[in-house]
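So that the names make sense, note that chain A is the first sequence line, chain B the second, and so on, each numbered from 1. Keep in mind that what you see is a predicted model, and the values were worked out from it rather than measured.
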Amino acid sequence: MTTSAFAAQGADLELVGIQKRFPGFTAIEHLDLKIPPGSFFALLGPSGCGKTTTLRLVAGLEEPTAGRILIGGEDITGKKPYQRPVNTVFQSYALFPHMTVLENVAFGLRRRRLDEPVAKAHEALRLVELDHLAARKPQQLSGGQQQRVALARAIVNRPALLLLDEPLGALDLKLRRQMQLELKTIQEEVGLTFLHVTHDQEEAMTMADTVAVMNKGRIEQMGAPEELYELPKTAFVANFLGQSNLFTGPVVGSTSEAIAVGVAGQRIVVPTARAHRHVGEVTIGIRPEKLSLHLSAPAVDPARNTMGPGRVIDVSFSGVSTQYLITVPHVGTLIVFAQNMAFGPVAEEGGEVWVSWDIEHGFGLEDEPADTPRFEADTTTRSIAAQRRASLITELEEV
Amino acid sequence: MTTSAFAAQGADLELVGIQKRFPGFTAIEHLDLKIPPGSFFALLGPSGCGKTTTLRLVAGLEEPTAGRILIGGEDITGKKPYQRPVNTVFQSYALFPHMTVLENVAFGLRRRRLDEPVAKAHEALRLVELDHLAARKPQQLSGGQQQRVALARAIVNRPALLLLDEPLGALDLKLRRQMQLELKTIQEEVGLTFLHVTHDQEEAMTMADTVAVMNKGRIEQMGAPEELYELPKTAFVANFLGQSNLFTGPVVGSTSEAIAVGVAGQRIVVPTARAHRHVGEVTIGIRPEKLSLHLSAPAVDPARNTMGPGRVIDVSFSGVSTQYLITVPHVGTLIVFAQNMAFGPVAEEGGEVWVSWDIEHGFGLEDEPADTPRFEADTTTRSIAAQRRASLITELEEV
Amino acid sequence: MVPIVYTFIFSFNDSQKSNITWRGFTFDKWLNVCNVQNGAVCEAFGNSLIIGASATVAATALGTMIAIAIVRYRFRFRSKVSLLLFLPMATPEVVLGAGLAAQFLSVGVPKDIVTIILAHTMFCISFVVVTVKARVASLDPALEEAGRDLYGSPGQVFLRITFPLLLPGILAAALLSFALSFDDFIITNFNSGAVTTFPKYIYISASRGIPAEANVVASAVFILALVIVVSAQVSSAARAKRLAKSG
Amino acid sequence: MAFAAFATTTSEAEQVPRRKSPVALLLLLPGILYLVLFFLTPLISLLLTSFQAPSEFGDIGQYTYAFRWENYLQVVTDYLPHILRSFGFALIATVLALVFSYPLAYFIGVTARPWPLAQSLMLVLVIAPFFISFLLRTLAWKQILSDESFIITSLKAVALMAPDAHFTGTPAAVIFGLTYNFIPFMTLPLYTTLERLDLRYLEAASDLYAHPVEVFRKVTIPLSMPGIVAGTLLTFIPAAGDYVNASRDFLGGPDSQMIGNVIEANFLVLQNYPAAAALSIILMSVILIIVSIYVKRAGTEELL
Amino acid sequence: STGGATKPKAATDKSAAEKSIRWDNWALYIDVDAAGKYPTLDAFTKEAGIKVKYTEAVDDNNTYYGKVKDQLALGKDIGADAVCLTDWMVGRLIRLGYTQELDHANIPNLANLLPSLKDVGFDKGRKMSVPWQGGFAGICWNKEKLPGGLASVEDLWDPKLKGRVGVLSEMRDTMGLIMQDAGVDVSGDWGDNEFNAAIDVLKKQVSDGQVRNIKGNAYKEDLINGDTLAAIVWSGDIVQLNAENGDKWDFLVPEKGGTLWNDNFVVPVGSTHKKNVEELINYYYDPAVAAEVAAYVNYITPVAGAKEAAMAIDPALANNQLIFPDDATLAKAHVFRTLTGAEEQKYGAAFQSILLGS
Ligand SMILES: Nc1ncnc2c1ncn2[C@@H]1O[C@H](COP(=O)(O)OP(=O)(O)OP(=O)(O)O)[C@@H](O)[C@H]1O
Ligand SMILES: Nc1ncnc2c1ncn2[C@@H]1O[C@H](COP(=O)(O)OP(=O)(O)OP(=O)(O)O)[C@@H](O)[C@H]1O
Ligand SMILES: NCCCCNCCCN
Ligand SMILES: [Mg+2]
Ligand SMILES: [Mg+2]
């Protein structure tokens, strides 16, 4: 077994009150983070939110303006990159083009003057199944192979903490999914702490033990993937991690069990335990796959919320499931996902439908509804044709 | 309305017995294709299968080794690119960097000495909502905007046929989905024939009226997206367009309605109409989302096929749905998708399960089972860790 | 930098025959550059300009054609052609100059401005090829295809797409050629016959003291070039900044 | 800018497969013919000249075609010191130019990256010397460093130079001149590679436990090798054949004459054409041999 | 690549149409005023209507020849209509047929040519060449740095002067002085032994670093900037340098002997302005003009009657030994004997190899 060589256990990482200012720009406002040893931690967030900056701070490639960084309990804030027990798999891989694959992998070992760098490098290459290409130059490898060499080059050092900055970003979808599986398997095998940065929500959810969603230099929410997905705290998380149907309205009634929110004259019930705000205006949500479509008004069921009638304005088949866009007057456009368990759509475009969902599946956000930062439409990159469609929807709604 | 300027109707395209040989390599063996006028046609296939070559042949940028190309019934095989009523949106956009957006769009009109090139170019830019950027240079535009300029530059010529060579390939996922919508809307608006090349199956299915799946220089199957997805003819199509569970076995019984296939001692029934081969060894399949999971052996139901017991070897949560990998002894590994309509997985990793599906949902392939070109695992880019997992599965199966 | 400052300062020296010791400040030399010694400085300078311009035009045209051929086409003797292009760059100037001189002598060609231009064109070609080649290689062939696709005939595509896109490379090559030609002395010395170029003028004058007028001409060229280059750099930097902002 | 000429074109993206076409010939022919006519034939005529013998009863400078290979023996015995000195001077000047240029190019190309304007202005300063005749600059040095000049007298005053020592006309002066004149030729190719140096490699190296010194030795230097090779060639080749710096009218003296001066003297003064030609051929051959060995060892063959 | 056996043909004269002359000469060889103009030349232009482009293009006989020989061999224009070169080089040019025959009818003042110069070995009857100026090669030193002065060539080898000594790249002057220092009569019958002994002396001084600068007329720059403190030089130059740079130097024809030479006008084969040049020569053979030039350049004038004319300008001038040497002065200087072609090749190469060092 090759595992033996990588017996070193991962260490935990702690960021305390980290702030990072660039001239004229504050990339990270105030960041506290604790990653347990041996875990696969995914840092997720939109472009420019500060993910790479966070990683570079941990690696020592940037200095924090304020705050402390601890690895395995030891404060390493002042240490130089080459003194830190941390290695990075860069998005661009940054494989040294003038060295062979083997030399690349042995580089770190040689710098630390460890014994048998070549043997250990071969072992790491065997782990990523590339030992037969040890003599090649990086340019002679495919993207997927390069990614694995970068991984081997980092892992071979048995760092307490492995940083991965979108290592899969450059791969096409198919290869990417395959690599995700492998990366996860390798992490389980070597038992190191992985801090994985990505902006692909599916990647984060399928790979990580813990996911943190970052936004504008802050961690918005952090937890197990299912926890985050099923109970998002903010509108940003609700829409960044998958899609959500969100409604805003006043709390019109509440028991210890549940609160009722008035949305366009309909009472929508959400379990108290799943709602972060219990009085005043609140925003509540439901995931598209939790919605059931009905072609006639469903019977009243106290365990379910109902909404409708609405009109189907778009049906789009994507293989596994079909996506329906439904406009409900005075509420807005709802998205419904229905798995294609049978042939053909459940509802036709233009048809009248109702939707319902189990009360237990709703969630209530923590955001002030006023400044709920809904995911804004990127109007500058929307064509007139697409905008016309949008305005048609609005017209339709107002009828 | 701006539509008026683009009144020219799309023409149909016909490729008759096209062959294309490069020195030392035959890119296209024998290709027959007919695209109806005004349709949105997607050419889908893996990298290197000949999609770009096909497009370049139609555009006149390559000459076919054999065969004829007809547009609107007229043979244009011998014509030079600049004599063909065809325009291309290149993957890299190929916007002229030394000209403004407006000059780019007016270029084709000017070459044909048409009246009022500037006015028409502005009109086309308005269609893609970029008229306010007419004076910019392409480098000053975002990726999405460049893509739209490329589209305007082609559309403004009102070509009988518009070729799009992975125009969305360079965009990130989010922008890509948005652009797909716009492209489709614009096509509907201008009514031209679009021949769209992609290797993204979801893109092909959501956008096109007709999808053709190409493999190694041949069209494997062609039809409406749902038709192709629900009734794939070959293993290649079954696995390239989404994922499939495939089983091979002898036909052990048949009626006019259905055939029964023996798979590892179980009888699997497939409707005759949905099976391409009715005797001997056949390969049959079922889509992962059509499968239902059972925690105990389901009651016998003549309308459903059942398989099991098997063991869950992987559960992976991806938000909307959860993917289960189930090993059934002597059959192999099955994939099951279950929409997360409730919280938590239906089955736990390691648990014993059965699967069942509606007989109507199965399909039978046309391929000779012997040479069924299963989607080969890309062993060269699979790590040892992932392979170990695979071998574990095999072991498990043999127990 | 020091010699440049020195040259510049001594262009204001109120010197007489030799310009070695400082004799006081004067603008006279700048005002009367072409008046001394029957305008020998200016004549030499003029010759250098003519030679530089002609060699630049010829070398740029020939070199650009070769660069396009090398990047875009396959042909036999490829490696031989590359070698032939590399050799002039790897040949010391004395050898080039002496070789050509021997050649002109044996064929009986009198040396004059034409032989200088021929010689300069020769050693500039390789540099042009190197410069333009990089540009051609980075030119996306899809742009030309797009041009053809958009109803451009081959001639129109070259004129409106290929040429304008190669232009920066061609201009850079031309600038380089001109600089190389303008400053060449060794090859010129062997092949100039009675014609005096600016560097040759300086070389000859070196034996009897460079007149301050030579410093004037050199300083003027230097300042002019500096102004051109700096303003080009500044404006391109400004453009880059604008681009970054609007991007 | 013209610096592109010094750029190494190693990493050109491989284009679509190239086509065969008669157009290629049409494009190549004029230029290639030109080079054959004005580069290749002169070389051949030089080769022929190098074997000539003095005409019997001829006056000074009169020779006839022959195959006198002894000419080579003769020039080597007569001028071996000059041949060795040329390559020695060129080598020292190249090394010195590299030592001065590398930090300069690194500063402009890497350190100054956040300030593109400053970067291009510094670059202008590097190429500035191109615009003032190099003869004039060299002569300026001759005056600036003459025995009674401010610099030399002050050096002597502070005893950094022996009182009876002098600078112009010495080998040191020639090497100084060569180094000075070729620094831009060294700096520009270095700059073009360093400017494109991907700093992520340096970060990756420091992430992999390399000290700054090791980063420089193991990563920066190897990655800038194409620039180093291009720069050293662009310096070494012309420096080995230069005769202006070593000319007695410029910075040289009788004990610092280089092979270029010998060729010039034989060609223009002594009228000994065969000797001049033989020396030229020797010079060129040695340079070609050195270059090809060097380029092989440095692993940058694509450069050619 | 060699000069052919056929001699080039003289170009057709266009003097009638083109009233101009291009004249290549040595530095410090003509009268110049404070404004940088040449007074005698300007007067000539005014008088004859012929423009003269005067260029100080000659630094050394050999390098000048090297620059123009190919054109001469082809009979093409070398960019000059008149050149003043030293006797031996003029001899070579005439031998090779690179000069045009002068029409003495156009130079009536040629009658003023000093009788001693009327008939020379290399040009019987002065058909091809006419003297411009003559002079001595001797030694000079910087008076400020070397107040003790120098007396002989031997003194140049004083170790105190190490690296600050210059000699001329003109073989006949440098070797001539060194040979005479060793007691050889350079105008007499000497051979390889005498020459080689002197070469050894020079070689030693060069390789020891005693002699740093070996130059043509450019030696004057080294005197001015101080690199050279003592040197073998040409007589008149020093007077002119003193006039321009303050009285810093002294000149002396050594007791053991200096050299005496003349530089002569020739018209190169390719020139189309021979008649203009003849007019120019005629002008400068006017004793008054000759005296004016001599007064400035301090070289020996070949024009009879110039001394009288000089007397009119300034009696002191007439007694200047550099311009009008008396017999005692002349006795110290000797003309370097004519060399055969083979000797020229042999001695030239030996001397050149010292210039190139080793
Ligand atoms: N050196 C710098 N100087 C100024 N601003 C910087 C610097 N580096 C990063 N930033 C800014 O800090 C912010 C965070 O950048 P960062 O690279 O961490 O984002 P990211 O989350 O990794 O984004 P992406 O997904 O695009 O990689 C960005 O707005 C970026 O422009
Ligand atoms: N000029 C050419 N000479 C030789 N082979 C070529 C040439 N052009 C394309 N090919 C080969 O033909 C095959 C088909 O190429 P094509 O570009 O059409 O693929 P594609 O389907 O567009 O692939 P991708 O999705 O990667 O763009 C490939 O194997 C390619 O290498
Ligand atoms: N400055 C005028 C010097 C003239 C020297 N003529 C050369 C004499 C060679 N013996
Ligand atoms: Mg990032
Ligand atoms: Mg393609």
Side-chain angles (χ1 to χ4, degrees), chain C residues 2-4 6-7 20 62-63 65-66 68-69 71-75 81 84 86 88 90-95 98-100 102-103 106 118 122 125 127 130-131 133-134 137 141 169 172 175-176 179 183 185-186 198-199 202-203 206-207 210 214 218 221-222 225-226 229-230 233-234 237 240, chain D residues 1-2 4-5 7 9 12 15-16 18-21 24 27-28 30-32 34-35 38-39 41-43 45-46 49 116-117 120-121 124 128-137 139-141 143-144 237-238 240-241 243-244 249 260 263-264 267 273 276-277 280 283-284 287-288 291 304:
Chain C
V2 178
I4 296 175
Y6 176 93
T7 304
I20 293 180
L62 295 172
M65 281 159 57
I66 296 179
I68 293 177
V71 180
R72 284 294 166 81
Y73 297 99
R74 278 190 305 161
F75 48 85
V81 166
L84 182 61
F86 171 71
T91 308
E93 282 188 82
V94 224
V95 180
L100 254 181
Q103 169 86 348
S106 69
L118 289 173
M122 180 266 291
I125 287 181
F127 287 93
V130 173
T131 314
K133 209 172 81 181
L175 195 63
L176 181 69
D183 204 23
F185 167 70
I186 296 182
F198 187 61
I202 291 166
Y203 189 79
S207 57
I210 315 271
V221 173
F222 175 74
L226 218 57
V229 174
V230 170
Q233 296 276 16
V234 169
Chain D
M1 247 341 276
T9 48
E12 289 165 17
Q15 295 241 336
V16 254
R18 293 183 254 244
R19 283 173 303 165
K20 251 184 166 147
S21 160
L27 289 171
L28 280 173
I32 295 303
Y34 192 96
L35 284 181
F38 293 102
F39 173 72
T41 34
L43 274 189
S45 117
L46 203 62
T49 306
L117 194 64
S120 39
L121 289 181
V124 169
F130 278 139
F131 298 114
I132 209 157
S133 172
F134 85 101
L135 296 171
L136 214 48
R137 284 182 283 122
L139 281 176
W141 276 124
Q143 301 309 340
I144 294 167
I237 297 170
Y243 69 73
V244 171
D249 285 335
I263 294 174
E264 190 213 15
F267 219 101
Y273 308 116
S280 303
L283 174 61
M284 185 168 170
I287 282 187
L288 279 182
V291 165
L304 311 186

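- For a residue to count as touching a neighbouring chain, one of its non-hydrogen atoms must lie under 4.5 Å from one of that chain's; by this rule D:Pro30 touches chain C with backbone and side chain alike.
- If you tally non-hydrogen atom pairs under 4.5 Å between each of C:Thr91, C:Leu118, C:Leu62, C:Leu84 and chain D, the highest count goes to C:Leu118.
- Annotation: the span from D:Leu46 atom CG to C:Gln103 atom CD amounts to 10.0 Å, rounded to 0.5 Å.
- In plain terms, the two heavy atoms of C:Ile186 and D:Tyr243 that are nearest each other are CG2-CE2, 3.5 Å.
- You'll find the side chain of C:Ile66 reaches within 4.5 Å of the side chain of D:Ile32, heavy atoms only.
- The structure places CG of D:Leu35 at 4.5 Å from CD1 of C:Ile125, a figure rounded to the nearest 0.5 Å.
- Residue C:Asp183 holds its CG atom at 6.5 Å from CZ of D:Arg137, rounded to the nearest 0.5 Å.
- Residues C:Ala69 and D:Leu28 share a closest heavy-atom pair of CB-CG, 3.6 Å.
- The line from CD1 of C:Ile68 to CG of D:Leu27 is 6.0 Å long, rounded to the nearest 0.5 Å.
- Across every non-hydrogen atom of C:Gly99 and D:Ser45, the tightest pair is O-OG, 4.3 Å.
- Neither the backbone nor the side chain of C:Ala179 comes within contact range of chain D; no heavy atom of the residue lies under 4.5 Å from a heavy atom of that chain.
- For C:Val94 against D:Leu283, the heavy-atom pair with the smallest separation is CG2-CD2, 4.4 Å.
- When side chains are defined from C-beta on, D:Leu136 does not count as touching C:Tyr203, because their heavy atoms never get closer than 4.5 Å.
- Contacts of D:Phe38 with chain C are made by both backbone and side-chain atoms, with heavy-atom separations under 4.5 Å.
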Please lay out, stage by stage, how D:Leu43 and C:Val95 fare under the test side-chain contact (heavy atoms from CB on, under 4.5 Å).
CA-CA 8 Å; D:Leu43 274 189; C:Val95 180; 4.1 Å; yes
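- Of all heavy-atom pairs between C:Phe185 and D:Val244, the closest is CD2-CG2, 3.6 Å.
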